[in-house]
Student: 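One structure coming up, written as structure tokens, with questions to follow.
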Amino acid sequence: MNLSAKTAIFVAMSLFIIFNTINAEAGRSRKDYFLYPQVGFWFGPVTPLGPTRDAVDAALGGGAFFRYNLPIKSLKLGVDSSYQHFTSRGVNELYTVPVYGNLVYLLPFNLPVKLQIKAGCGASYVYIKPDKIDQWDPTFMTGFELSF
């Protein structure tokens, strides 16, 4: 083999190794994104439970969250807050501002989207119309998340 053939083979092998390393790193970073602390916003359906569910309708809500890693890789500790406004067919309205801590568990499915479940507790500022009552109430929550 002459020098140019050896050089071409060396360049091809080097490029192959470099691109495989880049692809492996990209795949790992997509897979392990859950291992980093997270700050973000959410938007989606919310509904009260119990007797309140009969008085007001489900609504769309939105909020912000912060999550931090725990020593167990598939668990995160989080703090969430949001603003929710529920209306009804009558005169009843409910405004809530929940603030709660939660645990988020990453389900072990290998899919393009990440499936997570969460549960937590805290307190909610509640304002009820037309009675004009406001107070802080204990809050318990469960949720299911899709992220991509």
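The first residue of the sequence shown is numbered 1, and numbering continues consecutively from there. Please read these numbers as outputs of a predicted model, since none were measured by experiment.
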Student: How long is the straight-line distance from NZ of Lys73 back to CG of Leu106, given to the nearest 0.5 Å?
Tutor: 12.0 Å
Student: Side chains of Phe86 and Val46, heavy atoms from C-beta outward: is any pair under 4.5 Å?
Tutor: yes
Student: Below 4.5 Å, heavy atoms only, C-beta onward: do Phe144 and Leu115 meet side chain to side chain?
Tutor: yes
Student: Does Leu60 CG have over 12 foreign heavy atoms under 6.0 Å away?
Tutor: yes
Student: Is the closest side-chain heavy-atom distance between Leu103 and Leu77 below 4.5 Å?
Tutor: yes
Student: Between the side chain of Ser124 and the main-chain N/O of Thr96, is any donor-acceptor distance below 3.5 Å?
Tutor: no
Student: Let me confirm one number: the CZ-CD distance from Phe66 to Gln38, rounded to the nearest 0.5 Å.
Tutor: 9.5 Å
Student: Compare every heavy atom of Phe140 with every heavy atom of Cys121, then report the nearest pair and how far apart it is.
Tutor: CB-CD2, 3.7 Å
Student: If I compare all heavy atoms of Pro130 with all of Asn92, which pair ends up nearest, and what's the gap?
Tutor: CD-OD1, 3.7 Å
Student: Please round to the nearest 0.5 Å and tell me the distance separating atom CG of Leu94 and atom NE2 of His85.
Tutor: 8.0 Å
Student: Is there a path of hydrophobic side-chain contacts, each under 4.5 Å between heavy atoms of I, L, V, M, F, W or Y residues, that connects Ile117 with Leu146?
Tutor: yes
Student: In terms of hydrophobic clustering (I, L, V, M, F, W, Y; side-chain heavy atoms under 4.5 Å; direct or indirect links), are Leu75 and Val39 co-clustered?
Tutor: no
Student: Measure from the side-chain N and O atoms of Ser81 to the backbone N and O of Pro98, and report whether any donor-acceptor pair falls under 3.5 Å.
Tutor: yes
Student: Checking Lys76 side chain against Tyr36 main chain: does a donor-acceptor pair fall under 3.5 Å?
Tutor: yes
Student: Count the heavy atoms of every other residue, nucleotide or ligand shown that sit under 6.0 Å from CZ of Phe41, and state whether that count exceeds 12.
Tutor: no
Student: Identify which one of Trp136, Tyr127, Tyr83 satisfies the side chain to side chain contact (heavy atoms under 4.5 Å, CB included) criterion when paired with Val97.
Tutor: Tyr83
Student: For residues Phe65 and Phe43: do they belong to one hydrophobic cluster (side chain heavy atoms under 4.5 Å, members Ile, Leu, Val, Met, Phe, Trp, Tyr)?
Tutor: no
Student: Do Asp80 and Lys118 have side chains that get closer than 4.5 Å, going by heavy atoms?
Tutor: yes
Student: Any chance you could lay out the side chain to side chain contact (heavy atoms under 4.5 Å, CB included) test for Lys114 and Glu145, step after step, and finish with the verdict?
Tutor: CA-CA 8 Å; Lys114 299 297 179 192; Glu145 291 184 12; over 6 Å; no
